[in-house]
Engineer: 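Below you will find the structure I want to go over with you.
No experiment lies behind these values; they were computed from the predicted model shown. Within every chain, numbering begins at 1; the chains are lettered A, B, ... in the order of the sequence lines, protein sequences first and strands thereafter.
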Protein chains: 2
Amino acid sequence: MSNRSQHNGHTDVTGPAKPVQVTIGLVAKTAGVSRATVSRVMNGNPKVAPDLAERVRTAARELGYEPSPVARSLALGRTGIVAMLVPDLGNPMFQGVLHGLTAAAGEQNYRLLVADSNENVNEEPVLAIEARRRCDGLVLCAPRMPDEQLHALAPRLSPFVLINRELPGIETPMLMIDFAIGIRDLVAHLLGLGHRKLAFLAGPDTSASNRIRLETLRAGAGENYELVELPCGVTFADGHAVADQLLDLDVTALIAYNDLVAFGALSRLHELGIKVPAQMSIVGFDDIPFARYTTPPLTTASVPHDQLGPEAWRRLWGLMNNEEPEQNVRFRPRLQVRGSTGPAPD
Amino acid sequence: MSNRSQHNGHTDVTGPAKPVQVTIGLVAKTAGVSRATVSRVMNGNPKVAPDLAERVRTAARELGYEPSPVARSLALGRTGIVAMLVPDLGNPMFQGVLHGLTAAAGEQNYRLLVADSNENVNEEPVLAIEARRRCDGLVLCAPRMPDEQLHALAPRLSPFVLINRELPGIETPMLMIDFAIGIRDLVAHLLGLGHRKLAFLAGPDTSASNRIRLETLRAGAGENYELVELPCGVTFADGHAVADQLLDLDVTALIAYNDLVAFGALSRLHELGIKVPAQMSIVGFDDIPFARYTTPPLTTASVPHDQLGPEAWRRLWGLMNNEEPEQNVRFRPRLQVRGSTGPAPD
DNA sequence: TTGTACGCGTTATCAC
DNA sequence: GTGATAACGCGTACAA
């Protein structure tokens with residue numbers, strides 16, 4: 001692409017060889033066959049005479065010919081690409097999924113188109129549609145997109161699989177995380193350590209997964225523990241910034257929206273001279289790779305990111321081939337106890 | 001795409017509306033105009049009668065028509081996509097670049113295709129070519145690809161810009177980091193603190209950037225300090241694993257190949273009960289976002305990742321428009337002193 | 001201003 | 001087995 005409009009300006013004969021597109025037609029002419037034959041050879045069609053095939057191959061090699069993916073896509077009606085839309089490439093949470101998806105799709109010679117909405121929720125619909133239209137399928141991760149909007153969008157995204165979120169009423173595979181169970185396990189762990197007043201560093205109001213976390217926490221509060229809710233965010237910086245508010249709240253344990261927030265808070269508490277977990281326990285959510293390496297290592301609800309990518313690919317593959325849809329899966333996080341939690345101080 | 005081969009099986013009239021592609025032809029027929037006119041309207045061509053334009057727009061809206069990006073790409077000779085190949089999406093080092101590139105390209109309505117070689121160096125040439133052919137330009141980050149291979153590859157990737165590495169003899173923009181200066185600044189900082197025996201946790205032998213770091217360190221060694229080289233790697237886990245070897249080496253400071261390795265080492269040293277920086281100083285390279293949040297925060301050579309993305313886009317844009325190439329840039333890392341370095345123990 | 005006709009590069013369907 | 005030829009969906013000279 002992109003060299004069609006090159007014109008040589010002046011027409012000196014000694015100028016640089018003009019880099020014209022090597023098309024299937026040129027190869028055909030060079031090899032003295034028809035374009036159809038070239039196409040057959042390039043696609044490994046067996047029923048072509050060996051000598052012809054060889055002529056085509058040498059011609060193609062010498063000319064440096066390679067079929068245009070764009071033209072192929074148009075003719076074939078498929079691109080060999082699937083897209084994934086993520087809200088933030090910087091969140092390690094998604095990288096595991098991306099890796100798994102890349103690998104799984106790659107085994108069947110599909111490539112991955114990654115679109116990053118950069119947490120810009122307004123752009124997501126158009127990004128999703130655009131990405132989807134350039135390829136054969138989509139993996140959508142848009143935790144903050146309103147339900148109605150997603151509903152309206154769904155028909156235009158098919159085939160696609162929804163990740164990390166649930167939306168009743170639409171007929172597409174959904175891979176979900178059981179945030180409620182994850183939260184309950186974390187709370188049980190903290191209660192077992194004697195904590196009775198917990199702070200929740202909340203994610204975005206608009207986030208479906210934040211809503212579930214919050215509802216679960218509220219449902220369990222009262223008898224067993226007291227809950228303090230602090231608006232926070234999803235990033236390292238958010239956690240870092242909110243930690244100061246914790247000082248005079250009298251809470252002994254912290255439930256962060258995700259691991260990143262937990263790290264931020266952990267870091268700030270350390271700066272403030274507050275010992276973790278002696279004076280304050282902290283738990284995260286996700287179990288991103290860093291979690292086991294912080295000081296102290298982070299207790300968190302471990303989400304099986306490795307499984308998400310391949311599973312998403314399988315669903316998408318099934319959809320693209322009109323196979324019977326498999327049952328939706330709700331992945332259960334596993335409580336991963338590390339050093340950031342300990343007995344509540346007296 | 002991908003719904004052309006759908007056939008309804010049986011032909012019951014009450015079946016679900018068959019999702020046929022809405023093409024420009026259908027819109028034209030519906031609006032009672034020619035396809036050319038539809039095309040003009042869709043592309044905002046001003047010289048079309050208002051009433052016709054309106055008819056086209058309503059028809060397009062009601063039919064849910066959107067031009068096929070693939071067909072457009074073929075007809076226009078450009079895709080509106082640029083690709084970037086990275087060795088590892090999981091490395092925060094690249095995420096800054098990706099963000100910047102996404103944003104810069106997005107402003108001119110270009111989308112980004114991210115290809116991840118997953119540190120699989122052998123796959124990189126194929127991935128690069130494939131990615132490149134599906135779009136209009138490429139940003140290549142392949143620090144471990146052998147020089148000759150990259151040389152041979154270059155003509156097939158044009159237009160492209162090379163990032164994070166230098167390769168004399170090819171005519172394409174290169175955005176480089178001055179690793180040598182970064183290393184020298186770090187060493188000077190450590191020497192100033194009294195350190196005289198330094199360990200280098202080396203990256204891959206094949207990595208160009210590792211070679212420069214190593215050469216710089218060796219060139220400075222002798223008079224001023226003693227250098228111990230430890231093969232390590234590029235990841236968190238690599239740094240974590242190598243730290244044990246440090247115990248009986250008698251070094252007082254650690255120069256990690258990058259921040260990730262530094263974190264790993266930092267974490268392991270903490271587990272081993274070695275105080276940083278009291279007993280051991282550690283420096284990294286890159287200044288990824290996490291660096292300022294570890295305990296202690298990491299002293300490192302700060303690479304201006306934010307500038308790389310936009311600059312890469314500018315170069316690529318220039319290339320794609322046959323503009324005069326700008327001068328190559330070599331970004332100078334800035335010494336960022338934080339808590340992980342301190343005076344050498346006696 | 002609008003429509004006709006052709007080209008983009010490839011694959012697929014036919015005849016031969 | 002092989003070669004014309006019509007798709008694929010769209011943009012755009014060119015003519016009207």
Engineer: Between Arg134(A) (CZ) and dG9(D) (P), how many Å, whole number?
Structural biologist: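 These atoms are roughly 17 Å apart.
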Engineer: To the nearest Å, give me how far apart CG (Leu74(B)) and P (dT10(C)) are.
Structural biologist: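 After rounding, the reported distance stands at 9 Å.
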Engineer: With a 4.0 Å cut-off, would you call Glu66(B) and Arg156(A) a salt bridge?
Structural biologist: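 Yes.
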Engineer: Measure from CZ on Arg78(A) to C1' on dG9(D) and round the result to the nearest Å.
Structural biologist: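 Answer to the nearest Å: 18 Å.
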Engineer: Would you call Asp147(A) and Arg165(A) a salt bridge, taking side-chain N to carboxylate O under 4.0 Å as the test?
Structural biologist: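 Yes, Asp147(A) and Arg165(A) are salt-bridged.
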Engineer: Calculate the interatomic distance between Lys47(A) atom NZ and dT2(D) atom C1'; express it in whole Å.
Structural biologist: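 Taking atom C1' of dT2(D) as the reference, NZ of Lys47(A) is at 11 Å.
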Engineer: Using 30° and 60° as the class limits, which term best fits the ring planes of Trp317(A) and Tyr110(A): parallel, tilted or perpendicular?
Structural biologist: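 Rings of Trp317(A) and Tyr110(A): perpendicular, over 60°.
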Engineer: So, do Leu26(B) and Gln21(B) sit near enough that their side-chain heavy atoms are less than 4.5 Å apart?
Structural biologist: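 Not in contact.
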Engineer: Report the distance from atom NZ of Lys29(A) to atom C1' of dA4(D), rounded to the nearest whole Å.
Structural biologist: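 It is 17 Å, rounded to the nearest whole Å.
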Engineer: Could you give the CG-to-P distance, from Asn45(A) to dT11(C), as a whole number of Å?
Structural biologist: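 In whole Å, dT11(C) P lies 11 Å from Asn45(A) CG.
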Engineer: Asp51(B) has an atom CG; how far is it from atom P of dT2(C), in whole Å?
Structural biologist: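 In whole Å, dT2(C) P and Asp51(B) CG are 7 Å from each other.
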Engineer: Tell me, please, which residues at least two apart from Glu62(A) pass salt bridge (Lys or Arg N to Asp or Glu O under 4.0 Å).
Structural biologist: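 By the salt bridge (Lys or Arg N to Asp or Glu O under 4.0 Å) rule, Glu62(A) matches no residue at all.
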Engineer: Return the CD to CZ distance between Glu323(A) and Arg315(A), rounded to the nearest 0.5 Å.
Structural biologist: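 That separation rounds to 11.5 Å.
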Engineer: Between protein and nucleotides 10-16 of chain D, map the contacts as a letter string: B base, S sugar-phosphate only, - none, heavy atoms under 4.0 Å, written 5' to 3'.
Structural biologist: BSBB---
